[in-house]
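Read the numbers this way: they start at 1 and go in the same order the structure lists the ligands and their atoms.
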Amino acid sequence: MADEKAVLSIRGKNIEFPVHEGTEGDVAIDISKLYPDHRLMTFDPSLASTAICKSTVTYIDGEKGILRYRGIPIEQFVTDKPSFIEVAYLLLTGALPTLDEREYFRRQLTENELLPEPMRLYFNNVPTTAPPMALLSAAVNNLACFHPEFLELDNDDDFMEISARLISKIRTIAAYIYRRTHCLPFMYPNPNLRYAANFLHMMFSLPYSHYEVAPEIEDALNLVLILHADHEQNCSAATVRVVASSRANLFASCAAGICALWGSLHGGANVEVMRMLAQIHEGGLSPEECIRMAKDKTNPFRLYGFGHRIYKNYDPRAKILHAACERVFAILKNQNDPLLNIARKLEELALSDSYFVERKLYPNVDFYSGLLLRAMGIPTNMFTVMFAMGRLPGWIAQWKEQHDSGGRIIRPRQVYEGNTLSDYVPMGQR
Ligand code: ACO
């Protein structure tokens with residue numbers, strides 16, 4: 001209801017607040033005037049109950065396990081098999097492209113798939129042991145040096161042009177990170193290949209031997225990228241928005257998003273899942289021991305790939321990825337991949353354990369994605385880079401909403417618990 005109010009009663013005062021309701025029934029109490037008018041704050045350290053924006057990009061219902069991009073359920077992207085590029089366009093503009101629009105966008109990507117030559121050489125000068133996510137965030141930020149004309153974006157044509165460049169170049173950057181960290185020569189992109197196939201070519205072709213991309217592998221990669229493309233106000237998207245709110249440019253904001261994604265509680269969990277499965281396979285850990293450690297509150301270990309801030313039901317992306325895993329392994333005649341069997345066993349144990357059932361902890365997107373990437377030949381240290389490649393259109397769409405909202409700088413408050421007024425003590429008297 002437009003004029004609905006929420007009332008807070010504190011210290012003998014009743015304070016009224018406006019209430020906002022989203023198109024899917026989300027209800028938010030607008031406390032933005034709480035501090036300016038009353039010198040009071042709310043305390044929500046992990047922002048679990050705080051909406052930082054209004055958004056039209058992605059909708060999640062965590063109780064029901066629903067995820068929609070611009071209103072379209074992600075399951076429809078599995079049955080109708082659009083390309084990642086089409087889904088990126090949808091996220092960026094709010095509408096599916098017509099055939100002409102898709103072809104134009106595709107051309108923009110193709111024309112921008114090369115890296116500036118000094119950037120390609122930059123990869124020669126980093127250690128082969130460099131963490132891929134450090135290289136990725138640095139390279140995306142570095143693109144600003146080569147595109148100074150896009151540091152300020154004030155029209156939609158420039159926005160789409162630089163979005164296409166970024167989405168195209170991150171693929172080349174990701175492949176070059178792999179080539180460098182594996183001491184392999186760089187392969188230039190092939191303009192005749194589609195997004196996912198072109199990436200696999202840059203990853204796995206050799207100067208003397210062209211990598212033939214199997215259609216089922218190309219489809220699986222396309223699906224992985226689509227399923228990672230956006231997820232509303234997660235840690236990295238919220239980071240992009242915070243940085244954007246200071247009016248920082250798109251490159252800097254996305255580079256910050258990449259850094260946030262790196263952590264093991266967020267995108268880095270796909271690496272941890274694989275480590276955990278490999279450790280079990282090598283006999284260092286049993287599935288039962290894994291579950292026991294995850295439940296032990298004195299142990300920092302987590303069942304990686306399980307649990308989610310928003311989903312209190314099966315993450316719909318995990319469901320699709322699990323099915324895709326089974327499909328791809330069957331086609332590749334590799335159904336007995338020991339790690340897939342271990343993942344199945346862990347899931348079975350967790351979903352019948354009261355700790356996980358009571359807390360509504362289900363597999364999330366990271367539980368099965370790594371197995372699929374592994375089947376494509378992508379090494380574990382590249383998994384989070386793959387996540388970032390998929391997530392980029394979402395970050396860009398979130399950046400644009402933040403930018404276009406003309407909103408104030410995002411600047412939370414704190415409850416100060418440090419020393420009260422104290423005197424400086426000169427060095428000789430300490
Ligand atoms: N293993 C063991 N216990 C868990 C796990 C897990 N994977 N996830 C949550 N819990 C426990 C919490 O410790 C908490 O227990 P308590 O009630 O006894 O204190 C309870 O379940 C509820 O946790 P939440 O409040 O729902 O968790 P939160 O929202 O703070 O964290 C997170 C979400 C970070 C995803 C968490 O579930 C986790 O650490 N999972 C493992 C890492 C992972 O897979 N991350 C990827 C998430 S998806 C993504 O970012 C792409």
Side-chain angles (χ1 to χ4, degrees), residues 43-51 58 60-63 65 67 69 74 133 224-240 257-277 279-280 285 287-322 343 346-373 380 383-395 398:
F43 183 64
D44 183 19
S46 63
L47 304 182
S49 302
T50 299
T58 289
I60 302 176
D61 181 330
E63 297 296 328
L67 170 59
Y69 296 160
I74 50 157
M133 288 297 277
V224 168
L225 294 173
I226 289 175
L227 292 178
H228 286 83
D230 193 50
H231 212 236
E232 51 117 302
Q233 305 315 314
N234 55 83
C235 178
S236 54
T239 301
V240 168
I258 292 168
C259 292
L261 188 75
W262 192 353
S264 62
L265 295 188
H266 191 15
N270 56 16
V271 172
E272 298 302 330
V273 170
M274 205 47 60
R275 277 201 195 122
M276 184 175 77
L277 298 179
Q279 212 184 338
I280 294 173
L285 192 65
E288 290 75 12
E289 177 68 0
C290 217
I291 298 287
R292 198 194 57 70
M293 278 165 55
K295 295 194 295 186
D296 179 357
K297 294 291 177 195
T298 62
N299 191 328
F301 180 84
R302 295 243 154 168
L303 185 58
Y304 290 99
F306 258 73
H308 199 277
R309 171 65 56 83
I310 306 290
Y311 292 118
K312 301 302 165 201
N313 201 327
Y314 217 106
D315 179 335
R317 302 165 300 174
K319 205 178 279 177
I320 295 170
L321 286 171
H322 185 181
L346 267 180
E347 178 178 342
E348 189 190 312
L349 285 176
L351 296 185
S352 56
D353 187 299
S354 60
Y355 175 96
F356 292 88
V357 174
E358 280 160 18
R359 289 169 177 76
K360 298 185 178 170
L361 304 173
Y362 292 89
N364 60 47
V365 67
D366 292 318
F367 196 65
Y368 285 105
S369 62
L371 286 164
L372 210 45
L373 294 173
T380 307
F383 286 1
T384 318
V385 171
M386 301 303 297
F387 192 147
M389 216 168 102
R391 183 54 57 85
L392 184 63
W395 287 331
Q398 301 285 345

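For atom 32 (C) of ligand 1, the nearest protein heavy atom lies 4.0 Å away or farther. Checking atom 50 (O) of ligand 1 against the protein gives a heavy-atom contact under 4.0 Å. The nearest protein heavy atom to atom 23 (O) of ligand 1 is not closer than 4.0 Å.
In this structure, a donor-acceptor pair under 3.5 Å is absent between the side chains of Gln398 and Glu232. The closest side-chain donor-acceptor pair between Asp44 and Ser49, if any, does not fall under 3.5 angstrom. Side-chain contact of Thr58 with Asp230: a donor-acceptor pair under 3.5 Å is present, judged by distance alone.
Of the N or O atoms in Asp366, none lie within a sub-3.5 Å distance of an N or O in ligand 1. Close N/O approach between Leu265 and ligand 1 is found [any backbone or side-chain N/O within under 3.5 Å]. Ligand 1 has no N or O atom lying under 3.5 Å from any N or O atom of Phe356, backbone or side chain.
Contact atoms of ligand 1 toward Phe387: 51 (C) (distance under 4.0 Å to a heavy atom of the residue). Distances below 4.0 Å separate heavy atoms of Tyr304 from the following atoms of ligand 1: 42 (C), 44 (O). Residue-ligand proximity, Gly305 to ligand 1, at heavy-atom distances under 4.0 Å covers atoms 43 (C), 44 (O). Numbered from 1 in the order shown, with element, the atoms of ligand 1 that lie under 4.0 Å from a heavy atom of Lys312 read 26 (O). Ligand-side atoms of ligand 1 in range of His266: 46 (C), 49 (C), 50 (O), 51 (C), range being under 4.0 angstrom from any heavy atom. Within the listing of ligand 1, atoms 51 (C) sit less than 4.0 angstrom from a heavy atom of Val365.
Across Asp315 and Pro363, no two heavy atoms sit closer than the pair CB-O, 3.3 Å. Contact between Ala318 and Val365 at its shortest, heavy atoms only, is CB-N, 4.3 Å. Leu285 approaches Cys290 most closely through the heavy-atom pair CD2-SG, 3.8 Å. The minimum heavy-atom distance between Leu67 and Pro316, with the atom names listed, is CB-CG, 3.9 Å. Contact detail for Thr380 and Met274: the closest heavy-atom pair is OG1-CG, 3.6 Å. Closest non-hydrogen pair, Ala269 versus Asp366, comes out as CB-OD2, 3.5 Å.
At least one heavy atom of Lys297 sits less than 4.0 Å from an atom of ligand 1. Look at Asn234 and you'll find every heavy atom at least 4.0 Å from all atoms of ligand 1. Judged by the shortest distance from any of its heavy atoms, Lys360 lies outside the 4.0 Å radius around the atoms of ligand 1. Remark: distances from the non-hydrogen atoms of Phe301 to ligand 1 are all 4.0 Å or more.
Nearest protein heavy-atom neighbour of atom 47 (C) of ligand 1: Asn364 ND2, 3.5 Å. In this structure, the protein non-hydrogen atom closest to atom 2 (C) of ligand 1 is Ala294 O, 3.5 Å. Regarding atom 28 (P) of ligand 1, its nearest protein heavy-atom neighbour is Arg309 NE, 3.8 Å. Looking at atom 43 (C) of ligand 1, its nearest protein heavy atom turns out to be Ala269 CB, 3.5 Å. Ranking protein heavy atoms by distance to atom 3 (N) of ligand 1, first place goes to Tyr355 OH, 2.8 Å. At the shortest separation from atom 41 (C) of ligand 1 among protein heavy atoms lies Phe306 O, 3.4 Å.
Nearest to atom 8 (N) of ligand 1 by heavy-atom distance, out of Arg302, Glu358, Arg317, is Arg302. For atom 20 (C) of ligand 1, the nearest non-hydrogen atom from the set His308, Arg359, Met293 comes from Arg359. In this comparison of Pro363, Gly307, Cys235, the heavy atom closest to atom 35 (C) of ligand 1 sits on Gly307. Within the set Val273, Asn299, Leu303, Ile291, the minimum heavy-atom distance to atom 6 (C) of ligand 1 is found for Leu303.
Note on ring orientation: taking the six-membered ring where Trp is involved, the planes of His231 and His308 are perpendicular (angle over 60°, cut-offs 30° and 60°).
Residue Phe367 does not touch ligand 1, judged by heavy-atom distances below 4.0 Å. With a 4.0 Å heavy-atom cut-off, ligand 1 is reached by the side chain of Leu361 but not by its N, CA, C or O.
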**Asked** For Leu371 and Leu277, what are the C-alpha separation, side-chain angles and deciding distance, and is it a side-chain contact (heavy atoms from CB on, under 4.5 Å)?
**Response** CA-CA 10 Å; Leu371 286 164; Leu277 298 179; 4.3 Å; yes

**Item:** Steps toward side-chain contact (heavy atoms from CB on, under 4.5 Å) verdict (Leu261, Trp395)
**Value:** CA-CA 11 Å; Leu261 188 75; Trp395 287 331; 4.0 Å; yes

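The line from CE of Met293 to CG of Leu303 is 10.0 Å long, rounded to the nearest 0.5 Å. Note that CG of Leu321 and OH of Tyr368 are 10.5 Å apart. Values are rounded to the nearest 0.5 Å. Within the model, atoms CZ of Arg309 and OG of Ser46 stand 4.0 Å from one another, a figure rounded to the nearest 0.5 Å.
For an aromatic pair to be called close, the ring centres must be under 6.0 Å apart, and Phe306 with Tyr362 fails this.
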